[in-house]
Structures are given as structure tokens and as C-alpha cells.
Amino acid sequence: MTTLIEVKNVSKRFGQVLAVDNCSLKVEQGTITGLIGPNGAGKTTMFNMVAGAFAPTSGTIWLNGKNVTGMPAHELFECGLSRTFQIAQEFSSLTALENLMAVTGSRSEESLFDACFRRAKVVRDELAVRRKAEEILRILRLTHVRNECAGNLSGGQKKLLELGRVMMADPNVVLLDEVAAGVNRTLLNDLASVVESLNRDKGLTFFVIEHDMDLIARLCDPVIVMAAGTVMVQGPMAEIRKNPEVIEAYFGGGTAMGRAS
Amino acid sequence: NADVKVGFLGGFTGPIESLVPPIFAAAELAMKQVNEQGGILDGQKVDFISADSTCADATAASNAADRMVNSEKVTALVGPLCSGETIAAANNAAIPGGVLLISPAATSPALTGLDDKDLVFRTTSSDAYSGEVLAKILKDQGNENIAITYVNNDYGKGFADALESSFKALGGTVSAKEAHEDNKADYRAEIGSLSASGAELLVVLAYVDGSGSTIIRQALEGGDFNKFAGGDGMVGDAIVTNIGEGKLDGMVGVRIGNTTSPGTEVYNKLAKDAGLDPNSSFGAQSYDAAFLIALSIQKVGKDTREGLSAALREVSSEPGEVILPGEWEKAKKLLAEGKDINYEGASGSHEFDKNGDVPGNVIHMVVDGKGFKDAKTQ
Amino acid sequence: MMKVLELRTASLLVGLAVIVALIFIWQGNAYALRMLAEAGCLAIVALGLNVQWGYAGLFNAGIMGFIAIAAFGSMLISYPVNPVFWQSEAPGWLLRMALIIAIGGAVTVLLSRIDRYGVPRRIRTMLTIIAALATYMMAQNALTPAAAIIEQNSGFIGGFGLPVGLGWLVGGVFAAVLAWFIGRITLGLRSDYLAIATLGIAEIVKAFLKNADWLTRGTLTVSPLPWPVPTPNEIGFVVARAAYLSITAVLIVIIYVLLQRGWASPWGRMMRAIRDNELAAESVGKNVNRRLLEMFVIGNFIVGVGGAALITFGGIFDPSGFLPINHTFLVLIMVVLGGSGNNLGSIFGALLVYVIWTMSEPAALILFRYGADWLQNVFNIAPPDDLATRALQMRVFVIGLTIILVLRFAPKGLLPEKIVKYE
Amino acid sequence: MNELVFFINKVVIAGLIIGSIYALGAVGMTLAWGILRFANFAHGDLMTLGAFIAFMLTMAMPGLGAYVGLPTAFVVLPIAMAVTALVTILIDKTFYVPVRKTNPKPITLVIASFGVMLMLQGLIRLFFGTAPRQMYVGSKDIYRIPFAGRDIVITEPQVLLIVFTVVAIVALHLFLTRSRTGKAMRAMSDNADLARISGIGTAHVVRVTWIIAGSLAAAGGTLLAMDVSLKPDLSFNLLLPIVAAIIVGGIGQPYGAIVGGLIVGFTETVAVFNWAILLRPLKPHMPDWLELPANLTFVPTEYKIVVPFVILVAVLIWRPNGIFKGKVL
Amino acid sequence: MSLLSMRDIHAGYGGANILNGVTIEVEAHEIGVIVGPNGAGKSTTLKALFGLLNVSQGSISFDGKEVTNARPENLVRAGLSFVPQEFNVFPTMSVRENLEMGAYTRRDDFRYLIEKIFEYFPPLRDKHKQPAGELSGGQRQMVAIGRALMMEPKLLLLDEPTAGLSPRYMGEIFERVIAINEAGVGILMVEQNARQALAIAHKGFVLAGGKNSFTDTGQALLDDPEVAESFLGGGTKH
Ligand SMILES: Nc1ncnc2c1ncn2[C@@H]1O[C@H](COP(=O)(O)OP(=O)(O)OP(=O)(O)O)[C@@H](O)[C@H]1O
Ligand SMILES: Nc1ncnc2c1ncn2[C@@H]1O[C@H](COP(=O)(O)OP(=O)(O)OP(=O)(O)O)[C@@H](O)[C@H]1O
Ligand SMILES: [Mg+2]
Ligand SMILES: [Mg+2]
């Protein structure tokens, strides 16, 4: 097993707040690694740094053995890293279908020159992209709103589009930030299967932030627990559940735990 | 018989917008007299229409001129007034349309060299000469060291350059010469820079309604200067209203015009009777331009653009019986008899040279009480 | 729904055609053609702005500056050569200045990078600033005498006497290069900041062109600018203007077709995606800043070509004549009224707004005259003397009213952006 | 010493005055910008409108000032402010509200404000003509404070201007941070929908915002016109420096507007100040070969108008949120 | 007479109607839970109730008064509080100010309430001066709920209050909801954590395609295999 993402001694400070405090962690190739922790633990901040939304205050981040600290998000995307946002970020005046089609066709195809003077090629490529997008919409059960502007979709539908964009991208590593929040449970079960099969069949690596313990338990191994900006423990879900510190910080007493599971 | 259409172009909006109405009124006065004294040609009326050429915006000026030439189909044009817009209007509409154009106020030397098929004339002399005269007046009054501030356009710059070189040639010092932008709220910084030069008199080459008044007021308030001089853009009684009576007494100004020509006195009276200020900048020139156009049309004998400029040269220059402002009936009669006439206008005798320019004539003005007065009559 | 939209487009276009036809009748062929030719040039400018505002959401409020610089570029290329200048010693001086700028600029750039070789940043910054200042002062020193000589002997440096078409192209390139520099600095900014920055930069450009007398003749203006077709002087108003109009029309068609192709392609989709959400676009591999810069530069190239054509048509290069109301706001309104994001809308908007703009003056005059008569006859109130003058102020009012009415009744423009729907 | 006084007059006082003018214009605009989330470009013309209203009131009762011992225009200022506030609200009702209903991008409202700006300009010129007018009935007081051989000069309207600006801004700040309505205004600028859900009557908030913006605009315009003179496009010419001041100070920050205004004002005066004059006293002590140039300025006066823009662009690059960390809209 | 009764509501965003006949009734002592697939119209229902979009057909009454298409600020005064699903905090205002805005319509001294909310959600106490826009997703959610509680409403509307909250706070929220409800406040909430929500609900409403498709007690819905299969994510676990 090779290490795909390695975070070494990373810290991030926002003014007075030290959101991530000298954190190190690894995501191995081919795993679905979970990242859990109380609200405000620094999970999203960690994701943002790995995905290049901003650079860490200190420390380094490695992707596939390459130092990618401070590399902008679009270059990381080209390196095969793809992410979703906790708070949905849709292209609001594009239709649902276009939201997905906007993902591929990046790089060379998106040139004004081609569009003007090499139209046959563009048309051909578009057809393939569109087929794929339609297929993903079907999986996400969004086909009926494919021509609706994304800005007019419901909260959950927007979250689904987040996932759809990742599926369009053909990445090797995917960061999912609470995709389940707001998604109907029946649909979520199907989506979990999709994630599993992508992982199993295509060897995609997933790095998942989630508060839904059922989902984490079903998908993830190992699970990393963050609290107050640091990594608390790491291990398979079964072990984590028993860890008293984690119970104290995260699950918070037996009753809630019982409800959550 | 249809009326004869003559157009007037002026910057009714824009940097000289308050100078324009009296200029327009003077031209209108000429046309009114024509209409009252039996009309033009065979008793037709002159339909004198106006359009806004904005002074600053060449596109708008050519547009307005174009509408005059092509849509209104005027026979001739009075104006525009600023030099830039005059060039634009001439090149774009008047010259290709074969329309005679007489500007009463465009003073830039650049107009002289225009390739104009002998269609572009002006009843005012160029700034170069005004600058020379002002330099001489200032030097004669014993000023040795002056500062110049000019509005940053062709008028201001041309005038300032002429003034500077003449004043230096007379042995004076120009310790500062700086441009400023029109229509700002505050010129203290510029005035500071000018007064730092140590000059004792400030020459303001700008417009009364634009920066001119503001600069003088702020210079007075700040105690930076108490002696001022100005070019024709400053010669308007509004300046005293703006700044306060008594504060500017003795301020020197120059105005293009004529005091020796017999027409001047006649015009002064005519203007006063009509409720106009005979001393307003370019009023007399504007009257002359309009009157000359009417005379030329009468000379040609029909409402056409062709031959108008040739007729203009004939009616304006010697030999011929002298026609003074307001003497339309007389002129018409003489022309009908086939006699030669020579218009001696309100602002000069208008012997146009081959470029359509007239020799300069500059009046020394001075502030006294409520406004500018002719220095000689004082 | 689709049908309705198309019906609307068609009826609007027909309506516009009728208006234009009426103007031909009312104002005569020559004037109507002039209006169309100018509107055509402005339509090109509007297309350029639409690329920026409609496609990429970049709010460029400095159109005036780009038009001005492009007009200067076009003037420089196409205006006849000024032999007096070339025979004087001034070109040598200018060459010296260019060398100083080149060397000084190179040194400054190098110095700004020495922190990579371990020099502390603070020292680097200081050295860079010193080098830049020194370059500025030395260049200034070289320029002052040269400028004085030029202004005294030959007025200004003149042009190169090359074909006008080349001039327009170079004008576009000038605008694009300026856009590149501005974009490099300001594209990190949010949309309305960009608007204000460009608004300011346009004034800076204008101030430079207005005061660099040796280069542009400043306030003394340059005219007549050569035309790509024979001028009215040579072949009469109607033919000359019709010829000019057809050239602009061809340009419009070319630009329109290319932009339409771009719009319907992945490139257009990407730009709209960036416009909607930069964060998400960045996360799906779009190099947002580079793409925005691309748009800004392409857009301003088009603006430049249109601007050069517009000023050439007017025949005079007058730096003081570039006014925000004519050259920025008017174009802005054209795009908004037409429907931002819709190229046909921009062309339509350009024509309609320009018609309103030019016709509001005579129309207001007529209206005011009727109004005055009416006052006089019905109420026996004497209208103010300067009524005609005051009527002219209505033009500004009318254009303001147009904006408000459009935003009120067609907030997305008369021909709104079409949502791309796949069946 | 003479030179020092000169410096005080030309840089310190001149900068202070023009800076206050910019600041007073900027305060109202920055507030509306922060709360209603768009740059109201009609603000400049609202200033002019307010000044014209004050002018008409002054002409209607010229003797009023003499009773109080203040210039008439200043005495009638509250009425002018109230009338302008009313006009501003009407403008909002007829022009901005319908646009706002369509839930537009902020820039759409900016464009709408261009429209209102042009309409106001047209109307003001239509009704008042274009000639400049004086706001003063008599002559204005000029205070000359003798200091080291030369007078420090400041005029009555300038003193009023500075005092008014300081008072207005402190009051405004207290209002915004302490009062319920002030907080509601900020809430609304953050998230109008949520503000409605919290029970805030948004129409009321908008009205209060416009009242403040409109009345400050009237005050700014009147004081400015008292210092200079009243012209239809007076304030419009100030608009860009005002916007520069706002951005330098941070959008939505009244204190920022003061600082920004002063920075822009001082930079303008310093940039064109002739430093040679300060060196002149040293002349006797300098070696002969060192000739003092007559003119030693950072920026030639003809380039003065670009100074605010250079500051603006510099601030946008160096600190886009302004000195006082304004809103990122 | 129910505290809230919405009958046969039809409403939309301007285009076609999204809601085509939604009926919901909640009593003062009840917890009502709305579940359903994404895009079913759950949030739209709450927005329609709160006067944020136009109801074209049907009627809403609250506390005995007719409130169809009433203005939000009046509904707030009448005792209705709403936590929207998205954009539910004032990002540039501090946490404390956010809470204060929740009590905008109150004239009394409400500082004790802020204390109470800090006790519910301790992380907010540390961050009370921080702008809400800088909080983590879960912390924002706490602020949003806190803000709504500041009014001490008669009926609290919650749109997915637990989305993004860690299990600990999710548990807390459900407990709080029960406690609030026991204090006499009616609750109407939309939840995707449908199982837990229905477990505490007195009434459950399943929406699909803008219509009620099942309405029953919470427990009954949990036990209904059809509901469980198509809306709750698979067969019953209990
Ligand atoms: N832009 C910012 N400025 C200031 N503080 C921030 C900023 N972004 C995040 N923080 C703070 O950093 C901490 C970590 O936030 P982060 O979003 O990473 O939490 P999280 O683990 O994702 O929580 P959740 O599960 O609630 O989403 C929080 O306390 C938050 O307040
Ligand atoms: N502003 C809007 N304009 C037009 N249509 C909208 C708008 N908001 C939502 N819709 C449409 O209304 C339908 C219902 O949306 P709603 O937000 O009520 O769903 P929901 O049941 O809350 O779903 P979720 O669980 O995903 O939040 C969706 O199909 C959506 O596309
Ligand atoms: Mg998070
Ligand atoms: Mg929802």
C-alpha cells in the first residue's frame, strides 16, 4: 500500500483562531478513509488545505510523493484530486446538466480557438461528455431537473450535484465533505454503493468527512478522529467507537450515541 | 417661398455652457433684424436654428453639425465655438457638405491650416495675438514676475504658450505656468504651487463658469494673490457676481474685438437696446458672423450653398459701400441695385485672408465696480 | 416558451428596423447612415463588453480608457508621417529613453525576484522600489528635452502612414496589452472593485494622452484621421458612409459569429461557470485567474477595434473628447438593455440606445417647443428664454430614464441570455 | 518660518478641508453601500440636489442667518436635509425597489444608480440652469490667525464643515453600533431574507438608511457649495475621489470614510505641493553649484486628477478591504 | 383548533407550482416532522408557511388567525420562528449579535436567554465575539437554532436542523427539541435523519412531488414498510 496523501505537521491560523494545530495524517491508496470529529475540529480546514483552497500557515502537504503545499486548486485537480464542498457551491445560472458538463472538457477542449475553428472536434467531444453527465444525473435521480438552473434546486439536490461533479471528473482521489447531510437516506444508501463500487472497481481513493456514523461505519476504514485542531486517534471504526476519549468528545454520552447509531 | 435655414452650433452644455447663451443671442439679434427689415432674398424669413455641439466632445459636435448639414439642410452655419469641435464639425460635415461655416470664437491657430475648400472662416483672431497683447499690457503696468494657470484644453494651452513667450520676450519672468483641469471643486493645491513660485500676479486663462472664478476666489481667500489678469474666457460680468463687488477692481482682461471700427459703437447701442451685454465675450463676433452670412446669401441671390464663400469675401471686403451692423435694409437695397458693399462689423472690418482668418484686434478690459469695462473709456 | 422568446426577438428586431427606417425618412439618408455607422462601431465595443460582463461577469467600467488608447494606437499607425520629426534629433532621444526603460525595467524585474536567491524580502522590496524610481527619473530626464524639441519643431511625432485596417488592429492590440497589465493587477479583485479600478484607470489613461503633447498633440487634437474608404469629401456623404458602414457590418458579423461559436462551446460554458462561482470552478480544474485575464484581454481587444473604428469615423483624435458618459456609460447601457450574455442583444442594444441617444436632442426640442406653445396659449405663461438650451439637458435625462425603465421592465435585458438547454 | 506657515496653509489646512469634503460625501455613500450592498452613484447628484434645496431656502429667507449668527445656508440645512431625505426615499420607492424585487446582483443596482444619476443631472440642469451660484447672502468670514509672520487662513464654511463632519460621524457610529435599528441595518446588509425571518421590517430599515444617506448627502453638498460655489455638476466631479475615499477606508465604515477622505485629500495636496519653497530658506547655506529648481513637485499639477485613482488602485491591490476592514460584498 | 393548520397549499417560485396540495396540522404540544426525498418540496412548504413565497391556493391559519401570505415580520410577532436550511446566519455579525437579532421584536431584557443558549451550545460561548461567517458548518447551525429560540416562539420551524452536526449535538438537538416542546412550544421540522426524527415525532408527514403521500403518527410511519423502503433508507431496524 502506498501513501497517497500525506499531511506533515500542518497548522492553519485564522487571526486569533488556530483551526489546525500541527497536524499530521496519511491517506493510503485505495482506501476510503474517514475523518470525523466534533464541530469546529478543523476538518473542513484540513480539506481546504489539501485541496489547495488556501495554503497552510506552516507544514507541508504531499500528494503521491509530490510536495503540493500551496499549489492552487485547479492544478491539484489536474493531478487527479477532486473535492466537494460542505456548503454546496453550484454554478447557479447553469442547468443541472451543464453543472456536470462543466467539469470535464477542461484543459485543451476549453479553448476559444477550438470553439471557433475546429467545431467538428468540439461537437464530438461534447457528445461523450453529455452522455456521461446524463448517466450521472440518472444515478443521482436528478434527471427530472436536468434543465433547471442549479440555483433553483433544493438544498439536497445541490449537495447531490456536488457529488455529481466529482463523479464526472475521473479523479484518483476524492475528498467528500459531508455529502450525506441533507440527502435522503434511501438515496444515500444507493450513493454509498456507488462510492463502494468506485473504490472497489476503479481503485479510487476516498477521504470522507461525515457525521453520519452509519455511513462511516459502512464505508470507512480507517477512521481518523480530529478534535480541537489535532488528530486524536486513528483506526478502524469498531475501535474508535470504544475509545472513551472519542466518546466524550464526539458522541457525547450514551443516549446520543445510541440515537446516532 | 420657403424660409432660409441657417444653423447655429454651440456648446450649450459642457464647459462653456454659460458663455454660449449671450453668443447665441447676439447671432439671433442679427437674424431678427434681417427678418424685421424686410426679410432675406425676396422677403423670406431666416429660420435660425441651433444645436448643441458640447465644446468638449468632438463626436457630439460632428453629429450636431451633420444633422444641420444633412437633415436640416441649412444653407450656412454660425459656429461652433471651441476650436476642437470646430475642426470636427468642419471636417465631418461642413466641408464635405459644401456648407459655409463661420466660427465666431474658435481661436486656435490650428484652424488656419485646415484644408477647407475655402469654406471655413472665423470672425475672431487667433489666441497667439491675444497672448501678445496681454503680455504687453501686463508689462506696461509694471509687472515683472507673473504666474500663469490655464485650463487644460487647446484654448488655454495656446493662449498660455503665446503669453509666456511674449512676456519673456519683453524681459519679464514667468515663474510658473501650470495647467489645471476644469470644473474641480478645489484648486488650493494648484494655487499653492503657483504662489510658491513667488510671482506677484496671477494670470488665469480659463472660463468664468468653470475653474476661473473658483481659482480667483480661493486665491483671494487664501491670501495667495491679490492681482489677477485673464483672457477672453474670463471676461464676463459673472466673475464679479461670483466673487463679490469691489474685490477684483483693477483686474486686467483682454477681449477680442474692436473699438476703433465704426461698427462697434453702433453694435453697442443695438445690443443694449435688445437687452444684451455688448461686452460679452464673442458676442460681437457672433453677431457679425450671422450678419455676414445673411449678406452673402442675399448677394448670391438664391438659397443655395454654392458660391456663398465667394460672396462672403465680396460683401465683407473693400471696395464697396460701407454697411454697419443693423443696416440690413440698406445693404439689401444696394445689392439689389447691383452695387458692391463692404460690411464693417461690430468686432472689426473682417477682411478675410486666404485662410479665412481676420487680423487680430484685442481690447484691453479692466474690472471696475460691477464688471469689466473697456480700459480706454474709463 | 422557446417559441415565445423567438417571437419576441423577431418582433423587437422588426421594431428596430422600423424605427431606423423612420429615421431615414425624418433625418435624411446621410445623417441616418452616419448614425448607423457610429452605432455599428459602438456595437463592436458593446460586443467586447459583453464578452467581459455577460460571459465572465467582469464589470469593466473603464471602456473609455480602452477606446482612447486604441484610438491612439490606430492614429499612430495610420496618420501620415511627420517628416520634420524624423529629420530632427528627437528620434534619437526617444530611442535613448526607450533603452533606459528597457534596461531599467529589466533590472527592476530581476531585482523583484532576488528573494528566491536568499535575499530578505524587505531588502528586495526596497531595492525594487529604488530601481523603479530610478528608471522613472532617468526616463523622465531623457524625455523632457526630447518632448520640448518635438513640441517646438514638429508639434508631435506624427504617425507611420500605414493602412487604416492595420491601425485598427494595432489599436485593438494596444487596448489588449493595457488590459493585460491591468488584469494582472486587478483581476484578483471582486467585481465592483474591478469596476472602480477600471473607472480610475480610464481617467489615468486619458490624463496621459491629454498631457503627453509630444506623442498625441494633447489638447491640440489630431485631424483629419485617414479613413479605410474614401471620405465624404471625395465621394459624398451617402456613398462614403455606406461604405464605412459595410466595413463595420462585416466586422460585426465576424466577431458575432466567432463569439457565438465560443458561447455555445465548452469554453463558453466554462466562462459562465467561472462567472457563477469561482470557488467551485477552481475546484474543478479551471484556472480562474488566467481565464478571466483571457476574457478581459479578448474583450478589450474587441472594444479597442470598435473604439478605433468609432474615432476614425469621427475623423479627429481629441483626448479631451473621451467622456465617461459617451464612451463608458452609453456602452454599458447598450449591453444591459440588450441583455448581457446575449450577443445579438448587445448589437440590438447598441443600435437602439444610440438611436435614442442621438434622437433625444431633436425630439426634446420639438417636444419643448410644443410644450412652450401650449403653456403660452392655454395658460398664457411665457416660457423661459433659454428653453432650447434647457431642452438639450433632456438627453442625459432620457438616457437615465431608459436605464431605469429597462431594469424595471426587463431586468435581464430586452433579449435576455438564453439558458442553454439540451433536449 | 514664513515658509512653514505656507506649508501649513497649503498642505495641512488645504488637505484637511478637501479631505473633510471627501469624507462628508463618503460617509453617506459608504453607509448605503454597506447596508444596501451597492454603490449608489447617484450620491453625488443627491449632494448637489441637497445644496440646491438649501440654496432655494436661503434665497427665500436670506435674513435668517443674521439672527443666529451663522450663515443662512447653514441654518436652513436641517430643512434641506429633511427634504433631500424625502426625495431619496421617493427615488428608492420608484426606481430601486422594483429592481431590488427581482433579486438582482449588486452590480445591477449600481447600473440603476447610474440611471438615477443621469436623470437627476438632467433635471437639476433643466430647472436650475447651469450658471454657478453663491450660497452666501453676504460675504463669508475669513479667519486669519497670525502666526510667525504670515497668516494661517481658514474660512467660516470650512470650520463649519470640519465640525459638522466630526459630529456627524461620531453620531452615526454610535447609532449603528448601539441602536436597535442600527443593528437591524447591519443584519439586513448581511442577509436580507434572514433579517425578514427574524422579524425585522426591512422596508423600515431601508427607509432609515436612505434617510441617513440622503440627509448626509444634502449636508455634504451644502457645506461644499458654501465653501466653493454651487454648480450643477459640482458633486459629480467629486464622485470618484469620494469612491476612492470609501474604498481606502473600507466599505460600510463611517470612520473609514473620514480616514479615507483625509488620506485622499492630503495625498492630493502633498502630491502637487512645491517642495522647493521649503528648501528656499536653506539657500544661503547651500553650495553655489547646487541650483534650486523653481518647481519641485511629485506630480505636475495637470496630473493631479489621477492622484485619487492611483491611491485607489494601490489600496485595492495592497489592501482590498480598506484600512478599516470593510465589507467584502 | 390546531396551533397551525395548512390546508391544501399550492405554491411556487413564479414558474409552475412546486407544491400541489400540502396539508399539515400541528398542535401546540406536538412535534411534527416532515420527511421526503430531495426536491419533494419540504423547504418550500416551510417557506410558503412563512410568507416567503406566494401561496396561490389553500389556506394557512396560525393560533386561530388566518395568516395566508402574511408578511414574515408579522408572523414573527405572532410567535413563529424559522431556521432556514441554507443562509441561516448573519455572516459579518458576531455570534452574540446574531442571537440578539433573533430577539429583535422583543423589548424586554433577554440577556438571560443568551446565557441559556450558550448553555445549550457551549462552543458558542467561546466564540461569542467571532463573526458567524467564520464558524465551522456545525457551529453555524447552532447559531441559527439559537437565533430562532431567542424569540421564545409558540411554534418553531426547523429546516434540517441537524444537518452537519456531530452526533453529540445531533443528540442534543433532539433532546432540546423534546424539552422545548414539553415547555409548550409546537415544533415543525424537516429532517433527513428521518428515523431519529420520527422517533420523537407525534406526527409525521411524508411529502413527495409536492404532495402529502403519507400522514400518520411518527411511530406508525416508522413501522410502515413502504415508507421505510422508499423514504427512510431501507427496512426497519427496530
Ligand atoms: N475563515 C475563517 N476565519 C476564522 N476562523 C475560521 C475560519 N474558518 C474556520 N475557522 C474556525 O476554525 C475552526 C475549524 O473550522 P472547520 O470548518 O475546519 O471545522 P469542521 O471540523 O469542519 O467543523 P464542522 O463539522 O462543524 O464542519 C472553527 O472553530 C472555525 O470557527
Ligand atoms: N428559488 C427557486 N426557484 C425555482 N425553483 C425552486 C427554487 N427553490 C427550489 N425550487 C424547486 O422546488 C423543488 C422543491 O424544493 P425544496 O427546496 O422545497 O425541496 P426539499 O424537499 O426541501 O428538498 P431537500 O431535502 O433537498 O432540501 C425542487 O425541485 C427545486 O428545484
Ligand atoms: Mg466542516
Ligand atoms: Mg430543503
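All chains are named by letter (A, B, ...) in the order of the sequence lines, taking the proteins before the strands, and each is independently numbered beginning at 1.
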Worksheet entry | Modelled atom types, side-chain donor and acceptor of C:Thr221 and C:Asp318, under 3.5 Å | no
Worksheet item: For the candidates B:Ser83, B:Ala25, B:Pro96, which exhibits the highest count of non-hydrogen atom pairs separated by less than 4.5 Å from chain C?
Response: B:Pro96
Item to complete: Identify which of B:Asp57, B:Asp115, B:Leu114, B:Thr54 forms the greatest number of heavy-atom pairs closer than 4.5 Å to chain C.
Response: B:Asp57
Worksheet item: Just checking, is any N or O donor in the side chain of B:Asp357 or B:Thr112 under 3.5 Å from an acceptor N or O on the other one?
Response: yes
Worksheet item: Checking C:Glu234 against chain B: side chain, backbone, both or neither under 4.5 Å from a heavy atom?
Response: neither
Fill in: Pairs of heavy atoms under 4.5 Å with chain C: top-ranked of B:Ile87, B:Asp161, B:Val20
B:Ile87
Worksheet item: Would you call B:Asp66 and C:Arg34 a salt bridge, taking side-chain N to carboxylate O under 4.0 Å as the test?
Response: yes
Fill in: Engaged part of C:Asn29 at the chain B interface, taking heavy atoms whose separation is under 4.5 Å
neither
Worksheet item: With only heavy atoms counted, which part of C:Leu323 is less than 4.5 Å from chain B, the side chain, the backbone, both or neither?
Response: side chain
Discussion item. For B:Glu181, is there an ion pair with C:Lys206 - N to carboxylate O distance below 4.0 angstrom?
Written reply: no
Worksheet item: Between C:Phe24 and C:Tyr31, is the ring centre distance below 6.0 Å?
Response: no
Practice prompt. Give, as side chain, backbone, both or neither, the part of B:Lys73 having an atom under 4.5 angstrom from any heavy atom of chain C.
Written response: neither
Fill in: chain C contact via B:Glu72 - side chain, backbone, both or neither, heavy atoms under 4.5 Å
neither
Worksheet item: Are a donor atom and an acceptor atom from the side chains of B:Asn152 and C:Asn211 found within less than 3.5 Å of each other?
Response: yes
